[in-house]
Amino acid sequence: MPELPEVETVARQLAPLLVGREVRELVVLDPRLRAAPVPRLSGRGIEQVSRSGKRVLVRFSGARASQAPLWLAVHLRMTGRLIWLAAEGRIDRAHLRARMRLDRGALAFYDTRRFGTFEWFRSADEARPSGIDPLSDELTAARLRALFGTSRQSIKPWLLRQDRLVGLGNIYASEILHEACIAPSREVRTLGDDEAVRLRRAMRSILKRAIRACGTTFSDFQDSHGEIGSYQRFLAVYDREGDACRRCGDLVVREVQQQRSTYWCRGCQR
DNA sequence: ATTATATCCTGATCGC
DNA sequence: TGCGATCAGGATATAA
C-alpha cells in the first residue's frame with residue numbers, strides 16, 4: 001500500500017539508477033493493465049525521476065534536440081512495484097506487467113492486482129496533481145485551515161482525499177491523527193487553529209521519519225531493490241488493535257470509517 | 001455540491 | 001485438507 005513515503009523511497013532509489021540512461025523500449029506485457037498507449041521512446045534519455053503525490057514521475061528528453069520532453073507517471077496503487085533489474089537473464093515473471101529496457105539495465109513493473117496505472121504527460125504542469133503535497137512549504141497551518149473550509153466530513157476520510165492533500169493513505173492517516181492527538185471522527189469544519197498546527201506538524205514529522213525508514217511494509221510494499229521498509233516498527237496505532245497506546249497506555253481500537261479501518265486511541269485523541 | 005458506496009483485482013487468512 | 005467467505009485499501013464512477 002504505497003503512500004507518500006513509499007513512493008518517495010522508490011523515486012529516490014531509482015533516480016541515480018535511471019537518470020542518464022537511454023531508453024531502448026518500454027513494453028506493457030499485460031493488456032489488462034491500466035496503461036495508456038506507450039509513445040515512441042527509443043532514443044529518449046531519462047532526465048529526472050521524482051515523486052508527484054503518490055506517483056513516480058519519469059522525465060524523458062526528446063530523442064532529438066527539437067523534440068519535446070515527455071513525462072511518465074506510474075501509480076503503484078496497492079500492489080505495484082518498480083524493481084530495478086541490473087542484468088538480464090532469469091527474471092521473475094510472476095505478475096510482471098511491464099518492462100523498460102535501457103542502454104544499461106532495465107526496470108520492471110510488477111503488480112499482483114493490476115490496480116496500478118501508467119499515464120503520459122506533455123509537461124510537468126500537466127502531470128501536477130490538484131492536491132497539495134503535505135511536505136511542501138505551501139502547506140502552512142493557515143492553508144490547511146482554509147482547505148478544511150466548511151466540510152462536514154470526518155477528518156480521517158478527509159485526509160485520504162487526494163483532491164485536497166496528496167500522498168496520504170490509510171496507514172499514515174491513522175498515524176498522523178494519533179501524533180496530533182485528534183480523534184478520527186472529528187468533523188473537519190470544527191478543527192481549530194491549534195489543531196491545524198498540530199496536524200501539519202504531525203504530517204511533516206511522521207512522513208519524514210517514514211521516508212528515513214524507507215517506508216512501511218505492511219504486506220506488499222517493496223522498494224526498487226525488492227527490499228521491505230522498516231517504518232512498521234514505529235507504528236503507534238495502525239494494526240495495533242487491543243495493544244496499549246505508547247503514549248497514554250489506553251487500548252488502541254479499530255473502527256471502520258467508509259469501509260476502511262481506522263486505528264486510534266480513545267485515551268489521548270479527542 | 002457534498003458525501004457515501006460499489007467496484008476493480010488477487011492472495012492471505014479464517015471458520016467450518 | 002479443502003472450500004467458500006471475508007478482508008486488505010489505491011482511486012474513481014456512480015448513487016444518494
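Just so it is clear: chains get the letters A, B, ... in the order the sequence lines come, proteins before strands, and each one is counted from 1. A quick note: this is a predicted structure, and the numbers were derived from the prediction, not measured.
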Rounding to the closest angstrom, what is the interatomic distance between [N] and [M] at atom [atom1]?
{"N": "C:dG9", "M": "B:dT3", "atom1": "P", "answer": "23 Å"}
{"N": "B:dC9", "M": "C:dT14", "atom1": "P", "answer": "15 Å"}
{"N": "B:dT5", "M": "C:dC7", "atom1": "P", "answer": "15 Å"}

Between [N] atom [atom2] and [X] atom [atom1], what is the distance in whole Å?
{"X": "A:Arg34", "N": "C:dT12", "atom1": "CZ", "atom2": "P", "result": "8 Å"}
{"X": "A:Arg32", "N": "B:dT10", "atom1": "CZ", "atom2": "C1'", "result": "10 Å"}
{"X": "A:Asp239", "N": "B:dA12", "atom1": "CG", "atom2": "C1'", "result": "13 Å"}
{"X": "A:Glu6", "N": "C:dG9", "atom1": "CD", "atom2": "P", "result": "13 Å"}
{"X": "A:Gln258", "N": "C:dC7", "atom1": "CD", "atom2": "P", "result": "17 Å"}
{"X": "A:Phe115", "N": "B:dT10", "atom1": "CZ", "atom2": "P", "result": "9 Å"}
{"X": "A:Asn170", "N": "C:dG9", "atom1": "CG", "atom2": "P", "result": "5 Å"}
{"X": "A:Tyr172", "N": "C:dG10", "atom1": "OH", "atom2": "P", "result": "11 Å"}

_Quick check: on DNA chain B, is the nucleotide nearest A:Gln259 upstream (toward 5') of the one nearest A:Trp158, or the reverse? Name the residue that is more 5'._
A:Trp158
*More 5' along DNA chain B: A:Arg260 or A:Arg164, using each one's nearest nucleotide?*
A:Arg164
*CD on A:Gln162 to CZ on A:Arg55, rounded to 0.5 Å*: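 It comes to 9.0 Å.
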Return no unless some side-chain N or O of [X] is found under 4.0 Å from OP1 or OP2 of [N].
{"X": "A:His95", "N": "B:dG11", "value": "yes"}
{"X": "A:Ser261", "N": "C:dA8", "value": "yes"}
{"X": "A:Gln162", "N": "C:dA11", "value": "yes"}
{"X": "A:His75", "N": "C:dG10", "value": "no"}
{"X": "A:Arg114", "N": "B:dT10", "value": "yes"}
{"X": "A:Arg189", "N": "B:dT3", "value": "no"}
{"X": "A:Thr79", "N": "B:dG11", "value": "no"}
{"X": "A:Arg161", "N": "C:dA11", "value": "no"}

_Salt-bridge criterion met for A:Arg21 and A:Asp103 (N-O under 4.0 Å)_ =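 Result for this pair is yes, salt bridge flagged.
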_Presence of salt bridge, A:Glu3 and A:Lys54, under 4.0 angstrom_ = no
*Look at the aromatic rings of A:Tyr231 and A:Tyr172 and report parallel, tilted or perpendicular, splitting at 30° and 60°.*
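Rings of A:Tyr231 and A:Tyr172: tilted, 30 to 60°.
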*Does one side chain, of A:Ser261 or A:Arg254, offer a donor that lies under 3.5 Å from an acceptor on the other?*
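Yes, side-chain donor-acceptor contact under 3.5 Å.
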*asked:* Does any part of the side chain of A:Asp133, heavy atoms only, come nearer than 4.5 Å to the side chain of A:Glu138, both counted from C-beta?
replied: no
